[in-house]
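Input: a single structure, listed below in structure tokens.
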Amino acid sequence: MPQPRPTTEWTQTIDVPRAELLDSEDAVLRDFARSLDEHWFIRDLRRAGPGDGMPIGPFGPKTPLAHAGQEFIFAYASRTRRERFRTWLTGR
């Protein structure tokens with residue numbers, strides 16, 4: 001009988017709501033956060049290791065993304081249920 005495979009659960013614990021970075025001591029994070037509206041989450045991947053990345057599954061394939069210039073700092077915007085339903089319904 002085959003053995004069950006262990007599963008890995010993705011958790012997004014390193015994503016920071018943009019509001020928490022508005023007064024950051026890091027000038028790049030602070031300026032990037034100030035350029036976004038309140039619906040964005042930021043992930044700093046400047047010290048990323050193998051396997052680190054930015055899963056956007058909770059908000060779907062049409063999730064808006066942003067990048068902080070040449071730095072490995074990314075952001076994604078949350079989408080409302082209505083927006084996700086419209087994407088599911090229309091593909092847009």
Side-chain angles (χ1 to χ4, degrees):
M1 185 174 263
Q3 295 290 328
R5 290 185 188 173
T7 59
T8 303
E9 182 179 331
W10 277 91
T11 58
Q12 297 186 20
T13 57
I14 60 175
D15 300 332
V16 180
R18 127 309 157 201
E20 292 183 20
L21 297 172
L22 292 176
D23 297 322
S24 173
E25 292 181 13
D26 185 323
V28 176
L29 285 173
R30 182 181 60 241
D31 294 341
F32 186 45
R34 289 178 180 174
S35 72
L36 303 168
D37 69 25
E38 70 272 4
H39 301 290
W40 290 80
F41 294 87
I42 297 173
R43 182 172 281 203
D44 185 351
L45 294 174
R46 291 179 286 186
R47 293 184 201 98
D52 289 344
M54 197 173 81
I56 57 171
F59 300 120
K62 303 286 185 177
T63 301
L65 301 173
H67 185 250
Q70 299 297 318
E71 299 287 340
F72 287 105
I73 301 172
F74 301 89
Y76 61 93
S78 61
R79 297 174 64 220
T80 65
R81 285 185 131 178
R82 183 179 207 161
E83 290 170 328
R84 292 192 309 262
F85 179 73
R86 186 181 68 220
T87 297
W88 176 81
L89 192 61
T90 66
R92 290 183 270 165

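Residue indices begin at 1 and follow the sequence shown.
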Side-chain donor-acceptor pairs under 3.5 Å in residues 64-71, sequence neighbours left out?
residue : atom : partner : partner atom : Å
H67     : ND1  : G69     : O            : 2.7
H67     : NE2  : E71     : O            : 2.9

Discussion item. Tell me if a side-chain donor or acceptor on R30 pairs with a main-chain N or O of S24 at a distance below 3.5 Å.
Written reply: yes
| Counting distance only, does the side-chain N/O of R34 pair as donor-acceptor with the main-chain N or O of L22 below 3.5 Å? | yes
Discussion item. Grouping I, L, V, M, F, W and Y whenever their side-chain heavy atoms are under 4.5 Å apart, do V28 and F74 come out in a common cluster?
Written reply: no
* Do I42 and Y76 share a hydrophobic cluster, counting only Ile, Leu, Val, Met, Phe, Trp and Tyr and linking them when any side-chain heavy atoms are less than 4.5 Å apart? ->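 No, I42 and Y76 fall in different hydrophobic clusters.
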Would V16 and D44 count as a side chain to side chain contact (heavy atoms under 4.5 Å, CB included) here? Give the steps. CA-CA 9 Å; V16 180; D44 185 351; over 6 Å; no
Under a 4.5 Å cut-off applied to non-hydrogen side-chain atoms, are I73 and L29 in contact? yes
Salt bridge (charged side-chain N to carboxylate O under 4.0 Å, His left out) filter on D26, not counting sequence neighbours, yields R46
Sorted by chain and residue number, the side-chain hydrogen bond (donor to acceptor under 3.5 Å, both in side chains) partners of D37 (sequence neighbours excluded) come out as W40
F72 side, atom CZ; L45 side, atom CG - distance, nearest 0.5 Å:
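Between F72 CZ and L45 CG, I get 8.5 Å after rounding to 0.5 Å.
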